[in-house]
Amino acid sequence: MAGTYTPVTLPFTVDGEKEDLLTLLADQRGLFRVTLRDVTEEQARQRTTVSELTLGGLVKHLAQGEQGTLQELVERDDTAEFDMTAAADAYDLTDGETFAYWVEEYDRAAAALDDYVAKVDSLDELIPQMTAPWQPEREWWTIRKMLLHKLRETAHHSGHADIIREALDGQSTMAAIYEGPDPSEWGIE
């Protein structure tokens with residue numbers, strides 16, 4: 001489904017650095033969502049590369065990441081540890097889970113995170129991060145760093161999603177949002 005991509009407008013008023021960070025994050029989420037347009041439940045579970053990644057698994061993973069970031073911000077638990085057992089199916093739609101559910105949950109969790117960040121007093125507030133096998137010592141990150149990490153994570157997986165989608169049915173994100181001459185007319189080989 002081709003159409004123009006409209007840059008996001010935040011549903012609340014913030015300015016300065018908060019506006020910049022939240023707008024860039026919302027824009028990257030929007031580009032990720034383009035890869036999910038018109039994907040069926042079957043397609044969402046289909047592997048299209050040598051990787052185990054699927055579109056359904058990616059949206060589930062990113063939704064859980066949005067949820068986890070908000071939880072860290074709200075709870076500010078300086079004893080929290082990442083639960084490796086709970087993360088075992090983080091990239092898989094399991095029996096009883098649907099692609100549609102995780103797409104809705106991704107949107108809901110992203111909106112909740114943005115709303116929370118819009119209301120914090122300062123992006124300099126320090127938040128304890130969970131310890132994990134890849135981060136065994138407790139670290140304290142600013143809310144700014146947490147948002148930048150969320151932006152990096154979303155962009156990283158948007159690239160995966162774009163490749164998976166292109167292998168699935170030929171759609172690429174940029175082609176899906178571009179309206180104009182047929183790309184074959186660009187003279188690029």
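For the numbers below, each heavy atom of this structure counts, side chains included, while hydrogens, waters and symmetry mates do not. Quantities reported herein were computed from a predicted structural model and do not represent experimental measurements.
Side-chain contact of D162 with T173: a donor-acceptor pair under 3.5 Å is present, judged by distance alone. Between the side chains of W102 and E104, no donor N or O sits under 3.5 Å from an acceptor N or O.
Considering only heavy atoms from C-beta on, T40 stays 4.5 Å or farther from F99 through its side chain. The shortest distance between side-chain heavy atoms of V39 and D169 does not fall below 4.5 Å. Looking at L151 and L147, their side chains never come closer than 4.5 Å, going by heavy atoms from C-beta outward. Residues R165 and V34 fail the side-chain proximity criterion, which asks for heavy atoms closer than 4.5 Å. With contacts defined as side-chain heavy-atom distances shorter than 4.5 Å, the pair T49/I163 qualifies. Counting heavy atoms from C-beta on, the side chains of T142 and L126 come closer than 4.5 Å. In this structure, the side chains of V59 and L36 come closer than 4.5 Å at one or more pairs of heavy atoms. Side-chain contact between L168 and Q46: present, with at least one pair of heavy atoms (C-beta onward) separated by less than 4.5 Å.
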* **Steps toward side chain to side chain contact (heavy atoms under 4.5 Å, CB included) verdict (L123, V117)** => CA-CA 8 Å; L123 295 175; V117 170; 4.1 Å; yes
I would like to know whether L55 and R45 meet side chain to side chain contact (heavy atoms under 4.5 Å, CB included); could you show each step before the answer? CA-CA 7 Å; L55 293 173; R45 295 171 182 271; over 6 Å; no
Report the C-alpha distance between D20 and K18 in whole Å, list the side-chain angles of each, state the deciding distance to 0.1 Å, and finish with yes or no for side chain to side chain contact (heavy atoms under 4.5 Å, CB included). CA-CA 5 Å; D20 292 344; K18 269 190 201 180; over 6 Å; no
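Distance OH/Y116 to CG/L70: 7.5 Å, rounded to 0.5 Å. Taking CD from E66 and CG from L62, the interatomic distance works out to 7.0 Å, rounded to the nearest 0.5 Å. Annotation: the span from L21 atom CG to L25 atom CG amounts to 8.5 Å, rounded to 0.5 Å. Here the straight-line distance linking atom CD of E166 with atom OG1 of T48 works out to 10.0 Å at 0.5 Å rounding. Interatomic distance, H157 NE2 to F32 CZ, rounded to the nearest 0.5 Å: 9.0 Å. Atom CG of L22 is separated from atom CG of D115 by 10.0 Å, given to the nearest 0.5 angstrom.
Between K60 and D92 no salt bridge is recorded (no basic side-chain N to carboxylate O distance below 4.0 Å). Between R47 and E52 there is a salt bridge, with a side-chain nitrogen of the basic residue lying less than 4.0 Å from a carboxylate oxygen of the acidic one. Salt-bridge check for R29 with D114: passed, with a basic side-chain N closer than 4.0 Å to an acidic carboxylate O. Classification of R76 and E72 as a salt-bridged pair fails, no side-chain N sitting under 4.0 Å from a carboxylate O. For E105 and R108, the salt-bridge test passes: some basic side-chain N is under 4.0 Å from an acidic carboxylate O.
Residue D121 qualifies as open at atom CG: its count of foreign heavy atoms under 6.0 Å is 12 or below.
Across D77 and R138, no two heavy atoms sit closer than the pair O-NH1, 4.4 Å. The two residues Y91 and T54 come nearest to each other via the heavy atoms O-OG1, 4.4 Å. When all heavy atoms are compared, the tightest approach of I143 to S122 is CD1-O, 3.7 Å. Looking at every heavy atom in both residues, T131 comes nearest to E81 through OG1-CG, 3.3 Å. Closest heavy-atom contact between A109 and A63: CB-O, 4.0 Å. Counting all heavy atoms, side chain and backbone alike, E19 lies closest to T23 at O-OG1, 2.7 Å.
Taken together through direct or relayed side-chain contacts under 4.5 Å among Ile, Leu, Val, Met, Phe, Trp and Tyr, V14 and M146 form part of one hydrophobic cluster. Linking Ile, Leu, Val, Met, Phe, Trp and Tyr whenever their side-chain heavy atoms come within less than 4.5 Å puts W141 and L113 in one cluster. Clustering ILVMFWY residues whenever any of their side-chain heavy atoms sit less than 4.5 angstrom apart, transitively, puts Y101 in the very cluster that holds L58.
With hydrogens and angles ignored, the 3.5 Å screen pairs no side-chain donor or acceptor of Q64 with any backbone N or O of H61.
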